[in-house]
Asker: 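Pasting in a structure now, in structure tokens, and then I'll have a few things to ask.
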There are 2 protein chains.
Amino acid sequence: MTIRVIIVDDQAMVRAGFAALLSAQSDIDVVGEAPDGRQGIEVSRTTHPDVVLMDVRMPEMDGLAAARELLDPPPGVVHRPKVLMLTTFDVDDYVYEALRAGASGFLLKDAPPADLISAVRVVAAGEALLAPSVTRRLIADFARQRPAPRKDPSLRLNGLTPRETEVLELIARGLSNQEIAARLVLAEQTVKTHIGRVLAKLDLRDRAQAVIFAYESGLVSPGA
Amino acid sequence: MTIRVIIVDDQAMVRAGFAALLSAQSDIDVVGEAPDGRQGIEVSRTTHPDVVLMDVRMPEMDGLAAARELLDPPPGVVHRPKVLMLTTFDVDDYVYEALRAGASGFLLKDAPPADLISAVRVVAAGEALLAPSVTRRLIADFARQRPAPRKDPSLRLNGLTPRETEVLELIARGLSNQEIAARLVLAEQTVKTHIGRVLAKLDLRDRAQAVIFAYESGLVSPGA
DNA sequence: CGGAGTGTCGTACCTGGGTATGAGGCCCGG
DNA sequence: CCGGGCCTCATACCCAGGTACGACACTCCG
């Protein structure tokens, strides 16, 4: 089963080079080319490639917009190729946009030829691959965004007792004092007492600010 | 400038294999080995390698804990090696933990030898590299978490007028009605009117739930 | 022109939530 | 065994916030 590839890049030389490189592989067929995003979509819709090599910067319709169109096609279009983005220099706004859109990879054009070839295979197999510098950024971003508890507010969270933390979490879920009391089998006044202490310890004014704190500290997270 | 590497793995065979493989490279020196995390840290502290190859599963102290220790050392320890995690099979809880901890890469042991070698070089250069399957997960996670506005709640957000959205955002910043009125140069009652409409449209009970909605919909984001 | 949508504000009412104060019981560590 | 957290609850007070109803101005559009 050969891998069907199309190449979308505004520079004819680049297309020719990549095409030659990839065609030389026995398991890869270059089945189309296009000089801009719009035509790239056309070619993709007619040739149904497994992988689309897509340059980022192009006239008419840039690679990002084209990638979005291919990865989130209008109703009726069933074909969904993998998209491997290419760029000459690693401006990273593009990277994030492309990954958001669902691209399977992001390579720099100065990568070794062997890398490009293996990237095509990896992407065709449903996996993903990024240029090392991009990987580093993505990890950094991940680590920055993710570290379970953030440090600034979350340290102060240590001042809370287990019960208080529990109450805070329920506040952050939108429950009223009554509901919290019911949930924890407590008198409503007890809940109020806990909340009072939480607000005092964290220097907050009301439950709305408590909710904010819960999100900012990582006690609760969007989508969870 | 050669790259100084140590290998931490509980299987002597694996250590020997990797050591042989890497030592054969003119730009890589294997300067130490260790059979578990605790000793790995010891060796790292004495040999000061550029890169630590670290197995995930190990007796005594697992690779994750050891990685954390190396990447976020106690006061006084200045040396901070790059950590490249290795695993036999790609259980991904480990992956996320390792990346959170600040690891520079994550490879499967069944990767081609050439990949391991180039990975060491990439990591030593300050970049990062992941196994393709890991990359895919990370991207998927990124795309899932990031898409600017989420769709479910954010669509309902479309029902809000600009002014209402503005007010909602200020609520989500923790402002009181008075403060919002001051900020927007309005009567407090006007603010109340807007809030009332927001709550009604979004089917929320109070401003605390409004804050939750703001975070869940992506109107505001933690850390922003 | 007339109506719909938006933004603005007033008056009036009610209650949930936050504050203050005090107090009893439990458990742990010094 | 005693002091100190922690958890629990009561009584009492007050007000920010939420609700209800009505009103006026402006803009856009059929």
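Convention: sequence-line order gives letters A, B, ...; per-chain numbering from 1. Note that the structure is a prediction, hence the values are computed from the model and not measured.
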Asker: Return the nearest nucleotide to the side chain of Arg163(B); candidates are dG18(C), dG7(C), dC6(D).
Answerer: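 Nearest to the side chain of Arg163(B) among the choices is dG7(C).
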Asker: Once you round it to whole Å, what is the distance between P of dG17(C) and CD of Gln178(A)?
Answerer: 8 Å
Asker: Tell me which nucleotide among dG18(C), dC9(C), dG18(D) gets nearest to the side chain of Asn177(A).
Answerer: dG18(C)
Asker: Take the protein atom NE2 of His194(B) and the nucleotide atom P of dT6(C), then report the distance between them rounded to whole Å.
Answerer: 11 Å
Asker: Looking at Ser217(A) and Phe213(A), would you say the former's side chain and the latter's main chain have a donor-acceptor pair under 3.5 Å?
Answerer: yes
Asker: Please report, rounded to the nearest Å, how far the P atom of dT15(C) is from the CG atom of Asp206(A).
Answerer: 21 Å
Asker: Closer to the 5' end of DNA chain D via nearest nucleotide, is it Ala187(A) or Ala208(B)?
Answerer: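 Whichever sits nearer the 5' end wins; that is Ala187(A).
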Asker: For a quick check, tell me whether the side chain of Arg205(B) and the base of dT19(D) share a donor-acceptor pair closer than 3.5 Å.
Answerer: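 Answer is no: no donor-acceptor pair is held.
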Asker: Which listed nucleotide (dT8(D), dT8(C), dG17(C)) is nearest to the side chain of Arg197(A)?
Answerer: dT8(D)
Asker: Where the side chain of Thr193(A) is concerned, which of dA10(D), dG17(C), dG18(C) is the nearest nucleotide?
Answerer: dA10(D)
Asker: Once you round it to whole Å, what is the distance between P of dA16(D) and CD of Glu188(B)?
Answerer: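 After rounding, the gap between these two atoms is 8 Å.
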Asker: Answer yes if the side chains of Asp206(B) and Gln209(B) hold a donor-acceptor pair under 3.5 Å, and no otherwise.
Answerer: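 Per modelled atom types, Asp206(B) and Gln209(B) side chains form no pair under 3.5 Å.
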Asker: Using whole Å, report how far NZ of Lys192(B) lies from C1' of dC13(C).
Answerer: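 In whole Å, dC13(C) C1' lies 10 Å from Lys192(B) NZ.
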Asker: Can you check the Gln209(B) CD to dG17(D) P distance for me, whole Å?
Answerer: 16 Å
Asker: Please tell me which of the listed nucleotides, dG17(C), dT8(D), dG18(D), lies nearest to the side chain of Thr190(A)?
Answerer: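 When the side chain of Thr190(A) is considered, dT8(D) is the closest of dG17(C), dT8(D), dG18(D).
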Asker: May I ask you to evaluate whether Thr161(B) reaches the phosphate of dG5(C), defined as a side-chain N or O under 4.0 Å from OP1 or OP2?
Answerer: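 Answer no for this pair, as no side-chain N or O of Thr161(B) is under 4.0 Å from OP1 or OP2.
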Asker: Checking contacts here: which listed nucleotide (dA12(C), dG17(D), dG18(C)) is nearest the side-chain heavy atoms of Gln189(B)?
Answerer: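 Looking only at side-chain atoms, Gln189(B) lies closest to dA12(C).
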